[in-house]
Amino acid sequence: MDKKITMAYEAAKEIYSSIGVDTDKALEVLDSIEISLHCWQGDDVGGFEKEDTVLSGGIMATGNYPGKARTPAELWSDLEKAMSLIPGKQKVNVHASYIDAPKKADRDQIEPSHFAGWVDWAKDHGIGLDFNPTYFSHPKSNDGLTLSHPDPGIRAFWIEHGKRSRKVGEYFGKETGKTCVTNLWIPDGYKDNPIDKMAPRERLAAALDEIYSFDTNPQYNKDAVESKVFGIGSEAYVTGSHEFYMGYAMSRKKVMLTLDAGHFHPTESIAQKISALLVFMPELLLHVSRPIRWDSDHVVIMDDELASIAKEIVRCNALNKVYLALDYFDASINRIAAWIIGARNTQKALLSALLEPVADLKKAELDWDLTSRLALTEEYKNFPMGAVWDYFCATHNVPIREQWLAEVKEYERTVLADRG
Ligand code: RNT
Ligand code: ZN
């Protein structure tokens, strides 16, 4: 390892140890945190069901940066490149629309075998997989309603999809040896004010009860449900609102709740929801995203929201209760860089949180030394975290600082450029 990196690390280690923080220990913890990379950043949420998927369900990727993945092989190659430039542990988050089977089955016909390619690939890389049923970009979701649709036939179709997706999740967990989280998000809602806001919610609750009517092995699969406040085309009403799913998760005790950072009111932070919810439920799934003015799914940057989320998880001692998955899609920049930027930032935010002397700060708080609480947390923001981060990257044989970018540019020149 470059001597300058070790020297800077040793100096930083000493500074942190003066406030009672063990940097080696912090890195050990950071190394154990898995970040789930969302496969859909690699091709603008297109999937492999058809040649040209028209996105629907309020999901929109803007931009036409060249080189998007067109096949499973291309997507896997791109994910490999991204993972080689991110230190620590990753999982990969798969959507049902990324089916990899010669004869592609409709959503109500999917089988674990249709995703065997993903499993083989994950096994080759020693990583776990997560799963998501796909309730959008499909003719049967064109009314803007799926599980809450008034037509029982449409509901049945989507209920079957939900059930089968959980079997895929269980298969993922069994095969990879790492628990799969199967997250359900539906686009259901109305553009304009519905008269009956209750009936769709009753139908959704009943549909979910059917989907979760059988158990999967919790060692292999865990289920989660994701709320939203509005979407494009569902501005006035969303069936699966936060209160709806919070009530559902808490009353049924079968599913985790998912908090997507972009699914609340524009200035509403999800950070504090973590401690509030963990009082009542054992685990949570987070979709780490970045909304700008709306649920825009921008690449995650090191902003206050990300820092607050990471601090909340660490200060609540909840690292083993919160699953972390990235969720955004930017088609205006190199898609591999998008994964790397979001993942590395999430890790940096976690590291920064892990480098706080949490027990001492909690003590100051209980001692009513609120002056120290404020003064110290502000000073800690300027401690030499960068040297610790560089050391973490170097020990994982991943380029330090901005040096990963040259590798992405090289991949763009040699691989992405040939994709027409
Ligand atoms: C949509 C939700 C959902 C999707 C993915 C593709 O608003 O955030 O999580 O982004 O399922
Ligand atoms: Zn999400």
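For ligands, and for the atoms within them, numbers begin at 1 and follow the listed sequence. Nothing fancy with the numbering, it's 1 onward along the sequence.
- From the protein, the heavy atom lying nearest to atom 9 (O) of ligand 1 is Glu226 OE1, 2.7 Å.
- Close contacts of ligand 1 with Asp295, meaning ligand atoms under 4.0 Å from a residue heavy atom, involve 7 (O).
- Under the 4.0 Å criterion applied to side-chain N and carboxylate O atoms, Glu365 and Lys362 are not assigned as salt-bridge partners.
- Of the N or O atoms in Asn183, none lie within a sub-3.5 Å distance of an N or O in ligand 1.
- Looking only at protein heavy atoms, the nearest one to atom 5 (C) of ligand 1 is His95 NE2, 3.5 Å.
- We find that Asp297 and Arg290 are not joined by a salt bridge, their nearest charged nitrogen and carboxylate oxygen being 4.0 Å or further apart.
- By the 4.0 Å N-to-carboxylate-O rule, Glu51 lies too far from Arg70 to be salt-bridged with it.
- Heavy-atom contacts of His287 reach the following atoms of ligand 1: 9 (O) (cutoff under 4.0 Å).
- Within ligand 1, counting atoms from 1 as listed, the ones closer than 4.0 Å to a heavy atom of His263 are 1 (C), 2 (C), 7 (O), 8 (O).
- Atom 7 (O) of ligand 1 has as its closest protein heavy atom Lys228 NZ, 2.6 Å.
- The pair Glu268-Lys273 meets the salt-bridge criterion, with a side-chain N (NZ, NE, NH1 or NH2) lying under 4.0 Å from an Asp/Glu carboxylate O.
- Between the side chains of Asp24 and Tyr9, at least one donor N or O lies within less than 3.5 Å of an accepting N or O.
- Contact between Asn132 and ligand 1 is absent, with no heavy atom of the residue lying under 4.0 Å from the ligand.
- Here the protein contributes Glu226 OE2, Asp260 OD2, His287 ND1, Asp327 OD2 as N, O or S atoms under 2.8 Å from the Zn ion (ligand 2).
- A side-chain N or O of Asn221 and one of Asp223 form a donor-acceptor pair less than 3.5 Å apart.
- Once rounded to the nearest 0.5 Å, the distance linking OG1 of Thr62 with NE2 of His298 reads 7.0 Å.
- Protein heavy atom nearest atom 10 (O) of ligand 1, with residue, atom name and distance: Asp327 OD2, 2.8 Å.
- Taking the charged nitrogens against the carboxylate oxygens, Arg419 and Asp78 do have a contact shorter than 4.0 Å, which makes a salt bridge.
- Taking a 4.0 Å cut-off on heavy atoms, His38 fails to register as neighbouring ligand 1.
- Annotation for Lys174: atom NZ does not count as buried by contact number, only 12 or fewer foreign heavy atoms lying within 6.0 Å.
- Look at Arg315 and Glu356 and you find a salt bridge, because one of the NZ, NE, NH1 or NH2 atoms lies within 4.0 Å of a carboxylate O, short of that distance.
- Taking 4.0 Å as the cut-off between side-chain N and carboxylate O, Glu49 and Arg107 count as a salt-bridged pair.
- On a distance-only criterion, Trp40 and ligand 1 share no N/O pair closer than 3.5 Å.
- Contacts between Ile59 and ligand 1, counted as non-hydrogen atom pairs separated by less than 4.0 Å, involve the side chain only.
- Heavy-atom separations between Phe329 and ligand 1 include at least one value shorter than 4.0 Å.
- Residues Val181 and Met256 form a side-chain contact, since some pair of their non-hydrogen atoms from C-beta on lies under 4.5 Å apart.
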